[in-house]
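Just so you know, these numbers come straight off a predicted model, no measurement behind them. One-based numbering along the sequence shown. These numbers come from the heavy atoms of this one structure, side chains and all, not from hydrogens, waters or symmetry mates.
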Amino acid sequence: MAAVAQCVRGALRPRLPLLSVALRTSPRLLCAATQQKNTGQNLEEDQSQSQNEQKMEPSSAEKLLAEEKAKLEEQLKEVTEKYKRALADAENVRQRSQKLVEEAKLYGIQSFCKDLLEVADILEKATESVPKEEIKDENPHLKSLYEGLVMTETQIQKVFKKHGLLRLNPVGAKFDPYEHEALFHTPVEGQEPGTIALVSKIGYKLHGRTLRPALVGVVKDA
């Protein structure tokens, strides 16, 4: 046995310097390994942080895009509303202008018509002033004059009607302050109060609008 132990010590003795060298260099190796390990961990942490930043960046960009989209949609909504209001205003202006033009066409002649009404009144008074018993063949001149006045009055009423000017002779109708002007009130037997008993002057309407109210006497309670 002693011989075996000596052989082992003899075999190990030449390798002791190598082992001591390995022990002296091992701290450096261990330090390098540790640095490599730390470097690998740092790289992994940097990669992880970069991935997190990349994950965060798209979310921030999406948020900005969403905000920008909301702003643009709001602006579009405002512009659309303004456009609709502008269209509505333009349509209202067009309709009012068209109405004014139509009214000008219809009622632009009312001043001229008022002047002609005086002529119609004179013709009416002229025909009424002629005694009916005097209109006979023995008085051919008076008869011809009367017939000419009647024909003129008839023709002027046709012209009035053609242009929308109509007579208002409201005897027996209910009093309407928009069409009639009361000159007096008087009790009349057999007639309802508020009705028209007498027309002193014929009225006229132009296209449904009162051009000249009829001058009337109205029945009142007794």
Side-chain angles (χ1 to χ4, degrees), residues 83-222:
Y83 176 70
K84 290 180 179 180
R85 285 196 296 268
L87 284 180
D89 292 340
E91 180 63 19
N92 291 333
V93 171
R94 188 192 67 79
Q95 291 180 358
R96 286 196 297 268
S97 301
Q98 184 177 358
K99 185 178 179 180
L100 290 174
V101 171
E102 291 175 354
E103 289 182 352
K105 290 179 180 179
L106 292 175
Y107 304 110
I109 60 172
Q110 61 183 1
S111 297
F112 179 67
C113 290
K114 283 183 178 180
D115 294 337
L116 287 180
L117 294 184
E118 300 299 328
V119 178
D121 293 339
I122 293 172
L123 286 173
E124 185 178 2
K125 289 179 179 179
T127 55
E128 290 177 353
S129 64
V130 177
K132 299 297 185 292
E133 62 274 9
E134 298 294 331
I135 304 172
K136 49 188 177 181
D137 294 336
E138 288 78 5
N139 295 321
H141 298 293
L142 180 61
K143 183 179 180 181
S144 297
L145 178 62
Y146 176 78
E147 290 176 351
L149 289 174
V150 171
M151 291 175 63
T152 304
E153 185 181 7
T154 303
Q155 185 62 31
I156 198 171
Q157 290 299 327
K158 287 181 179 179
V159 173
F160 286 171
K161 186 176 181 180
K162 178 181 178 181
H163 293 279
L165 188 62
L166 301 177
R167 286 164 55 98
L168 290 176
N169 189 8
V171 176
K174 294 290 289 184
F175 177 76
D176 186 351
Y178 295 101
E179 296 182 357
H180 315 136
E181 182 178 344
L183 296 178
F184 58 88
H185 292 77
T186 182
V188 178
E189 186 178 355
Q191 293 192 18
E192 183 182 355
T195 58
I196 296 172
L198 176 68
V199 177
S200 175
K201 193 173 185 179
I202 296 294
Y204 284 87
K205 294 179 74 174
L206 179 61
H207 295 292
R209 178 187 293 180
T210 301
L211 183 64
R212 187 182 76 183
L215 304 181
V216 300
V218 183
V219 179
K220 71 174 184 179
D221 293 331

K.L.:
Kindly say whether L215 contributes a backbone atom to a donor-acceptor pair with the side chain of S200 at under 3.5 angstrom?
P.N.:
no

K.L.:
Might you point out which heavy atoms bring V171 and A197 nearest each other, and give the distance in Å?
P.N.:
CG1-O, 4.4 Å

K.L.:
So which heavy atom on K220 is nearest to which on P193, and how close?
P.N.:
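Reported closest heavy-atom pair: C-CB, 4.1 Å.
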
K.L.:
Taking all non-hydrogen atoms of both residues into account, name the closest pair between I156 and L116 and its distance.
P.N.:
CD1-O, 4.5 Å

K.L.:
Under 6.0 Å from the CD atom of E133, do we count more than 12 heavy atoms belonging to anything else shown?
P.N.:
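Yes, because the 6.0 Å sphere around CD of E133 holds more than 12 heavy atoms from other groups.
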
K.L.:
Please round to the nearest 0.5 Å and tell me the distance separating atom CG of N139 and atom CG of L145.
P.N.:
11.5 Å

K.L.:
Once rounded to the nearest 0.5 Å, what's the spacing between atom CD1 of I196 and atom NE2 of H180?
P.N.:
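I196 CD1 to H180 NE2: 4.0 Å, rounded to 0.5 Å.
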
K.L.:
Would you please test L166 and F160 for side-chain contact (heavy atoms from CB on, under 4.5 Å) and show each step?
P.N.:
CA-CA 7 Å; L166 301 177; F160 286 171; over 6 Å; no

K.L.:
Nearest 0.5 Å, what's the CE-CD distance between M151 and E153?
P.N.:
12.5 Å

K.L.:
Taking atom OG1 of T154 and atom CG of L149, what is their separation to the nearest 0.5 Å?
P.N.:
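Result: 10.5 Å between the selected atoms.
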
K.L.:
Is K174 atom NZ crowded by more than 12 heavy atoms from other residues, nucleotides or ligands, each under 6.0 Å away?
P.N.:
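Counting other residues, nucleotides and ligands, NZ of K174 exceeds 12 neighbours.
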
K.L.:
With sequence neighbours left out, write down each residue that passes side-chain hydrogen bond (donor to acceptor under 3.5 Å, both in side chains) with Q110, or none if nothing qualifies.
P.N.:
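Not a single residue meets the side-chain hydrogen bond (donor to acceptor under 3.5 Å, both in side chains) criterion with Q110.
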
K.L.:
Verify, without hydrogens or angle tests, whether H207 (side chain) and H163 (backbone) share a donor-acceptor contact under 3.5 angstrom.
P.N.:
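Flag set: sc H207 to bb H163 pair under 3.5 Å.
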
K.L.:
Check K125 with E128, please: is the shortest side-chain N to carboxylate O separation under 4.0 Å?
P.N.:
no

K.L.:
Out of K201, R212, K205, which one pairs with L168 under the side-chain contact (heavy atoms from CB on, under 4.5 Å) rule?
P.N.:
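Per the side-chain contact (heavy atoms from CB on, under 4.5 Å) rule, the option paired with L168 is K205, out of K201, R212, K205.
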
K.L.:
If every non-hydrogen atom of A214 is compared with every non-hydrogen atom of G203, which pair is closest and at what distance?
P.N.:
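Nearest pair, atom of A214 first, then G203: CB-N, 3.6 Å.
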
K.L.:
Going through the distances and angles, do E147 and K143 end up as a side-chain contact (heavy atoms from CB on, under 4.5 Å)?
P.N.:
CA-CA 6 Å; E147 290 176 351; K143 183 179 180 181; 3.2 Å; yes

K.L.:
For the side chain of S129 and the backbone of A126, is there at least one donor-acceptor N/O pair under 3.5 Å apart?
P.N.:
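A pair under 3.5 Å: yes.
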
K.L.:
What's the verdict on side-chain contact (heavy atoms from CB on, under 4.5 Å) for I109 and L165, showing C-alpha distance, side-chain angles and the deciding distance?
P.N.:
CA-CA 10 Å; I109 60 172; L165 188 62; over 6 Å; no

K.L.:
Roughly how far, to the nearest 0.5 Å, is CD of E181 from OG1 of T210?
P.N.:
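That separation rounds to 11.5 Å.
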
K.L.:
Can you tell me how far apart CG (L211) and CG (L117) are? Round to the nearest 0.5 Å.
P.N.:
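These two atoms lie 5.5 Å from each other.
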
K.L.:
Which pair of heavy atoms, one from V199 and one from P170, lies closest together, and at what distance?
P.N.:
CG2-CD, 3.7 Å

K.L.:
Quick one: are K132 and Y146 in side-chain contact, heavy atoms under 4.5 Å?
P.N.:
yes

K.L.:
If you take all heavy atoms of V218 and A182, which pair is closest and at what distance?
P.N.:
CG2-CB, 3.8 Å

K.L.:
State whether the side chain of N92 and the backbone N or O of A88 hold a donor-acceptor pair below 3.5 Å, judged by distance alone.
P.N.:
yes

K.L.:
So, Q95 and E91: side-chain donor and acceptor under 3.5 Å apart, yes or no?
P.N.:
yes

